[in-house]
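Convention: sequence-line order gives letters A, B, ...; per-chain numbering from 1.
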Protein chains: 2
Amino acid sequence: MSDLSERLREHGLRRTPQRELILAAVDRLGHATPDEVLAEVRTRSEAINISTVYRTLETLEELGLVRHAHLSDRAPTYHSVVDHEHFHLVCRNCHRIVSVGPDVLADVLARLRDEHGFVADVGHLTMFGRCVECAEPEEET
Amino acid sequence: MSDLSERLREHGLRRTPQRELILAAVDRLGHATPDEVLAEVRTRSEAINISTVYRTLETLEELGLVRHAHLSDRAPTYHSVVDHEHFHLVCRNCHRIVSVGPDVLADVLARLRDEHGFVADVGHLTMFGRCVECAEPEEET
DNA sequence: TTCCATGCAAACACTTTGCACCGTG
DNA sequence: CACGGTGCAAAGTGTTTGCATGGAA
């Protein structure tokens with residue numbers, strides 16, 4: 001939390017209970033959509049508003065305290081950045097999420113930088129596919 | 001087009017003018033959102049409905065004729081599969097899109113398969129970041 | 001003639017915004 | 001006590017669905 005106050009102060013923003021509650025909820029949840037964050041906050045304390053959740057998640061992301069990635073075709077999911085940087089594998093069949101450290105991608109990132117002049121942001125990356133347990137996709141229809 | 005009729009027949013689906021128009025539009029556009037596909041179709045022929053566009057893109061994807069990826073935080077973009085398989089780099093600053101062949105990822109895919117039991121779908125992949133021209137993002141923040 | 005496909009409009013899910021009030025600094 | 005933050009409600013996007021009609025096979 002102290003990290004939060006600090007960052008807020010640096011940016012001339014105010015410390016509010018809502019901001020603390022929301023950051024704490026994201027930390028606890030691991031990966032969560034704005035809706036899920038709202039629900040989590042509400043289990044602990046009183047009702048805060050969904051638009052505050054959206055505004056706050058945006059703020060926290062600007063402060064570098066959380067990140068978001070698109071783990072489904074629908075809502076984005078936020079996760080705390082205190083966890084080390086990672087990217088996500090999402091199984092299209094069982095929807096299991098695996099977090100993978102950035103090392104695997106080191107070579108690829110270097111090549112993309114050298115050959116395509118592009119600096120990729122690993123923390124935001126999501127790769128969809130299938131885990132071996134769900135291996136066989138449907139044949140035709 | 002003949003490819004379309006063929007695939008449709010294989011799946012017991014019907015060939016309709018809308019389906020041909022929409023596939024042709026995706027081919028022409030390269031990367032396009034459902035909205036853009038609709039607009040493109042309308043420049044050529046008469047009004048077709050947005051819900052038909054959605055339904056048809058879904059069908060075409062099931063037939064393996066188009067694919068979609070998430071190139072922005074908003075709408076998905078569809079592209080024809082006649083272009084060889086590729087993934088996308090998207091610059092957060094200038095929104096330029098670079099298509100990259102799957103080879104760069106060969107090693108990574110092998111490692112993900114071996115170490116995480118995960119078969120990633122390259123064709124759907126998007127990596128966000130910055131191209132060198134847009135290089136320096138803000139510090140901190 | 002049979003059903004699949006389409007158009008239309010309404011419903012949905014998610015997100016953003018305007019404004020008055022509240023509370024931090 | 002000034003001004004940024006919040007709650008609330010309404011409006012905005014992007015997408016899906018139910019149903020009656022239309023048209024491919």
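For residues 38-69 of chain B, the set of pairs meeting the ring-ring contact (aromatic ring centres under 6.0 Å, His included) definition, not counting sequence neighbours, comprises H68(B)-H70(B), H68(B)-Y78(B), H68(B)-H124(B).
Rounded to whole Å, atom P of dT15(C) lies 11 Å from atom CD of E36(A). Counting to the nearest Å, the C1' atom of dC14(C) and the CG atom of L38(A) are 13 Å from each other.
The environment of R92(B) atom CZ is dense: over 12 non-hydrogen atoms of other residues, nucleotides or ligands sit within 6.0 angstrom.
Of all nucleotides listed (dT13(D), dG4(D), dT16(D)), dT16(D) comes nearest to the side chain of R74(A). Considering only the side chain of D35(B), dG14(D) comes nearest among dC14(C), dT16(C), dG14(D). The side chain of A75(A) lies closest to dC14(C) when the candidates are dT15(D), dC14(C), dT6(C).
Phosphate proximity of dT15(D) to Y54(B): present, with a side-chain N or O under 4.0 Å from OP1 or OP2. Distances shown here put every side-chain N or O of N49(B) at or beyond 4.0 Å from the OP1 or OP2 atom of dT6(C). Side-chain nitrogen and oxygen atoms of T52(B) include at least one within less than 4.0 Å of the OP1 or OP2 phosphate oxygen of dG7(C). Between Q18(A) and dG7(D) there is a side-chain polar atom (N or O) within less than 4.0 angstrom of OP1 or OP2.
The existence of a salt bridge linking R67(B) and D121(B) is confirmed by a sub-4.0 Å separation between a basic side-chain nitrogen and an acidic carboxylate oxygen.
Residue-to-nucleotide contacts include no donor-acceptor pair under 3.5 Å from the side chain of R55(A) to the base of dG4(D). A donor N or O paired with an acceptor N or O is found under 3.5 Å between the base of dG4(D) and the side-chain atoms of R14(A).
In this structure, H86(B) has its ring center closer than 6.0 angstrom to the ring center of H88(B).
Nearest-nucleotide positions on DNA chain C place I48(B) closer to the 5' end than the other of I48(B) and P34(A). Nearest-nucleotide mapping onto DNA chain C: of R19(B) and T16(A), the residue sitting toward the 5' end is R19(B).
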